[in-house]
Amino acid sequence: MTNPDLLPGPLPSSLQLTKEGHLKHFLTVEGLPPLMLEEILNRAEQFVTLPNKTQRKAPLLRGKTVVNLFFENSTRTRTTFELAAQRLSADIINLDIRTSATAKGESLLDTIRNLEAMNVDMFVVRHQHSGAAHFIARYCAPYISVINAGDGRHAHPTQAMLDMLTIRQFKGTFAPLKVAIVGDILHSRVARSQIHALTTLCTGEVRVIGPRTLIPTGIEQMGVNVFHDLHAGLDDVDVIIMLRLQKERMQHALLPSAHEFYKRYGLTEEGLRYAKPKAIVMHPGPSNRGVEIDSKVADGPQSVILPQVTNGIAIRMAIMSMTMGSQSGKSS
Ligand code: NCD
């Protein structure tokens with residue numbers, strides 16, 4: 001029997017590859033070959049731009065229409081998908097779910113059918129239910145690509161890939177690295193996708209750190225070591241990834257209080273000293289200062305939280321252009 005904490009169980013990752021092994025949809029990192037992850041990272045590297053430089057548009061998605069379908073709130077993910085589409089010369093529509101027919105009771109499939117009738121080419125989907133992007137990929141028209149921008153607590157594969165790009169930029173190869181993911185692992189789709197990506201890329205050691213109530217039982221099966229003591233878990237690590245407490249997904253009290261959590265698991269300058277001196281600190285955002293991370297660390301010299309955001313555009317450009325079958329990552 002599958003472990004309910006690791007829900008929703010294996011979704012068919014085969015759905016996202018064509019018979020020839022090309023990326024058709026991007027729904028989950030799970031099951032993708034290491035070479036595919038490296039191809040995404042290499043292609044994204046070509047799209048990384050320096051601050052203050054004029055952004056040149058690549059023509060790879062010219063004539064294509066992308067729909068951002070966000071059924072949940074988002075700042076970074078939605079905006080960077082939008083910028084990525086624009087920098088690939090696509091037309092992009094942001095469907096505002098609150099003012100759409102969904103609010104009048106239209107089913108997800110009906111919404112999809114109506115957007116298909118407008119000849120769109122790609123759906124970028126964020127949904128509160130695990131498996132929503134897989135569902136759309138299965139039932140949408142065959143020429144459409146679907147990208148999962150976060151489904152329930154299942155997966156957030158583009159976030160994981162932008163995190164891998166950031167780790168590779170700051171630390172080089174994955175094999176010698178010790179990476180710790182800290183906090184609310186139980187409700188985090190980001191953590192699940194990061195663990196799949198890190199293990200596929202043969203990271204030396206992946207640790208998860210948090211209270212027993214926020215670590216899924218059986219998570220060791222995913223190839224990670226579990227720690228309940230922050231300082232022991234941070235000992236000698238190269239990368240620290242902090243996660244937000246996902247209170248909106250907690251059905252009952254899993255913690256005494258946010259203050260208590262901060263005392264035991266919040267990353268402060270003192271805690272950071274247990275990691276390697278050049279360890280980097282990451283956070284997918286939105287971060288809650290004083291709950292999982294101290295401002296001095298979030299804004300400190302070891303933080304790479306803002307480079308993560310910048311890399312989100314390059315990663316999303318890479319994945320969008322790959323799913324649309326473009327052959328080159330070079331800009332015009
Ligand atoms: C995350 C998400 O929405 O899953 N944020 C993000 O996409 N940058 C993490 C979170 O909500 O805590």
Side-chain angles (χ1 to χ4, degrees), residues 13-14 16-51 53 55-62 64 66 76-77 80-81 83-90 122 124 145-149 155-177 179 190 193-204 206 238-239 241 280 282 284 304 306-332:
S13 55
S14 56
Q16 55 191 351
L17 296 179
T18 62
K19 277 201 214 72
E20 297 76 35
H22 299 306
L23 202 59
K24 161 78 179 153
H25 305 291
F26 193 61
L27 307 173
T28 175
V29 175
E30 188 177 5
L32 286 178
L35 276 177
M36 176 68 76
L37 301 195
E38 273 156 29
E39 191 186 335
I40 293 170
L41 296 179
N42 294 343
R43 186 180 275 237
E45 209 65 74
Q46 302 175 41
F47 291 122
V48 173
T49 47
L50 298 169
K53 288 268 181 284
Q55 306 293 340
R56 288 203 303 167
K57 285 196 179 187
L60 298 172
L61 261 62
R62 185 167 291 152
K64 303 286 185 193
V66 177
R76 281 153 286 267
T77 308
T80 52
F81 264 112
L83 279 172
Q86 286 173 354
R87 289 186 191 166
L88 291 168
S89 312
M122 187 186 291
V124 177
S145 286
V146 178
I147 299 183
N148 185 3
H156 194 352
T158 60
Q159 176 69 44
M161 291 311 296
L162 74 87
D163 295 331
M164 296 309 112
L165 182 63
T166 311
I167 293 174
R168 202 173 78 163
Q169 282 170 351
F170 283 89
K171 293 283 160 204
T173 50
F174 290 86
L177 299 182
V179 178
V190 174
S193 289
Q194 286 169 335
I195 293 169
H196 286 304
L198 288 164
T199 52
T200 304
L201 292 166
C202 298
T203 304
V206 185
D238 304 272
V239 178
I241 303 173
I280 55 169
M282 305 174 68
V304 298
L306 293 177
Q308 285 176 267
V309 178
T310 309
N311 282 335
I313 302 172
I315 272 294
R316 288 167 177 134
M317 286 174 78
I319 291 166
M320 285 170 130
S321 61
M322 282 169 75
T323 58
M324 282 281 114
S326 303
Q327 297 307 310
S328 158
K330 293 236 159 53
S331 51
S332 61

| Sole residue of Met320, Arg316, His25 in side-chain contact (heavy atoms from CB on, under 4.5 Å) with Ile147 |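 For Ile147, the side-chain contact (heavy atoms from CB on, under 4.5 Å) test succeeds with only one of Met320, Arg316, His25, which is Met320.
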
Any non-hydrogen side-chain atom of [X] less than 4.5 Å from a side-chain atom of [Y]?
| X | Y | answer |
| --- | --- | --- |
| Thr158 | His156 | yes |
| Thr28 | Asn148 | no |
| Leu37 | Met164 | no |
| Val179 | Phe174 | no |
| Met36 | Leu17 | yes |
| Lys64 | Met122 | no |
| Ile167 | Val304 | no |
| Leu41 | Ile315 | yes |

Shortest non-hydrogen contact between [X] and [Y], atoms and distance:
| X | Y | value |
| --- | --- | --- |
| Thr200 | Pro33 | CG2-C, 4.2 Å |
| Val48 | Ala314 | CG2-CB, 3.7 Å |
| Gly312 | Thr80 | C-CB, 4.2 Å |
| Ala44 | Leu165 | CB-CD2, 3.9 Å |
| Leu27 | Ala155 | O-CB, 4.0 Å |
| Val66 | Val124 | CG1-CG2, 3.9 Å |

Atom [atom1] in [X], atom [atom2] in [Y]: separation rounded to 0.5 Å?
| X | Y | atom1 | atom2 | value |
| --- | --- | --- | --- | --- |
| Leu23 | Ser321 | CG | OG | 10.0 Å |
| Glu45 | Glu38 | CD | CD | 12.5 Å |
| Ile313 | Leu88 | CD1 | CG | 11.0 Å |
| Met322 | Phe26 | CE | CZ | 8.5 Å |
| Thr173 | Arg168 | OG1 | CZ | 10.5 Å |
| Leu61 | Thr323 | CG | OG1 | 7.5 Å |

| request: Mark yes or no for whether Gln159, through its side chain, and Val190, through its backbone, hold a donor-acceptor pair below 3.5 Å. | output: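 Such a contact is absent between Gln159 side chain and Val190 backbone.
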
| request: Check whether any side-chain N or O of Ser145 sits under 3.5 Å from a backbone N or O of Lys24 as a donor-acceptor pair, and report yes or no. | output: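 Side chain of Ser145 to backbone of Lys24, a donor-acceptor pair under 3.5 Å: yes, one is there.
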
